[in-house]
Novice: 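Could you have a look at this structure, given as structure tokens, before my questions?
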Amino acid sequence: MTHGLDFWILFAIWCAGMPVGAFAFLHALVQRADAYTAADRMTKLAWSLITGGGLAALYLFQPQGSTFILWMAALVAVLVYIVDVRPKLNEVQRGNRW
């Protein structure tokens with residue numbers, strides 16, 4: 001059976017999404033709890049649950065079929081942590097380098 005280009009693109013994103021989700025979850029776990037409030041973000045527990053749930057959903061659901069929306073929501077959740085929360089936490093803990 002041959003697969004189209006869309007299958008291979010989603011497969012590549014699925015394969016890349018799992019390590020990104022794992023990184024986001026582990027990063028959320030090892031940060032100081034007070035850094036989240038100092039960065040004006042949700043609590044450490046909230047982000048740990050969001051990224052942990054996202055990681056679980058990335059592993060459990062496939063980007064094809066009826067579970068696509070759940071997989072996409074999980075991917076968005078971990079990417080929001082990576083591009084929004086993580087830089088703010090790093091800035092608060094290390095200080096602005098400028």
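Small disclaimer: the values here were computed from a predicted structure and weren't measured.
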Novice: Is any side-chain heavy atom of Tyr59 less than 4.5 Å from a side-chain heavy atom of Leu55?
Specialist: yes
Novice: Answer whether the closest heavy-atom distance between the side chains of Trp71 and Gln62 falls below 4.5 Å.
Specialist: no
Novice: Can you tell me how far apart CG (Leu10) and CZ (Phe68) are? Round to the nearest 0.5 Å.
Specialist: 6.0 Å
Novice: To the nearest 0.5 Å, what is the distance between CE (Met18) and CD1 (Ile13)?
Specialist: 12.5 Å
Novice: Any idea which heavy atoms bring Gly17 and Leu58 closest together, and the distance?
Specialist: O-CD1, 3.3 Å
Novice: Are Val92 and Val83 co-members of a hydrophobic cluster defined by side-chain heavy atoms under 4.5 Å apart?
Specialist: no
Novice: Please report the shortest heavy-atom distance between Val78 and Gly21, naming the atom on each side.
Specialist: CG1-CA, 4.0 Å
Novice: How close do Pro63 and Trp14 get, heavy atom to heavy atom, and via which atoms?
Specialist: CD-CD1, 3.7 Å
Novice: Show the nearest heavy-atom pair for residues Gly54 and Ala74, with the distance to one decimal.
Specialist: O-CB, 3.4 Å
Novice: One pair to check against salt bridge (Lys or Arg N to Asp or Glu O under 4.0 Å): Asp40 and Lys88. What are the steps and the verdict?
Specialist: CA-CA 9 Å; Asp40 197 27; Lys88 291 290 185 183; over 6 Å; no
Novice: With the side chain counted from C-beta on, respond yes when Tyr36 and Leu89 share a heavy-atom pair under 4.5 Å apart, and no when they do not.
Specialist: yes
Novice: Let me know which of Ile82, Asn90, Thr51 forms a side-chain contact (heavy atoms from CB on, under 4.5 Å) with His27.
Specialist: Asn90
Novice: Which donor-acceptor pairs under 3.5 Å do the side chains of residues 42-49 make with protein atoms, sequence neighbours left out?
Specialist:
residue	atom	partner	partner atom	Å
Thr43	OG1	Ala46	N	3.2
Lys44	NZ	Leu29	O	2.8
Lys44	NZ	Gln31	O	2.7
Ser48	OG	Lys44	O	2.8

Novice: If the plane angle is over 60° it's perpendicular, under 30° parallel, otherwise tilted; pick one for Phe7 and Phe11.
Specialist: parallel
Novice: For the atom pair CZ (Arg86) and CD (Glu91), what is the distance rounded to the nearest 0.5 Å?
Specialist: 13.0 Å
Novice: Using the rule that Ile, Leu, Val, Met, Phe, Trp and Tyr join whenever any side-chain heavy atoms are under 4.5 Å apart, tell me whether Ile69 and Ile50 fall into a single cluster.
Specialist: yes
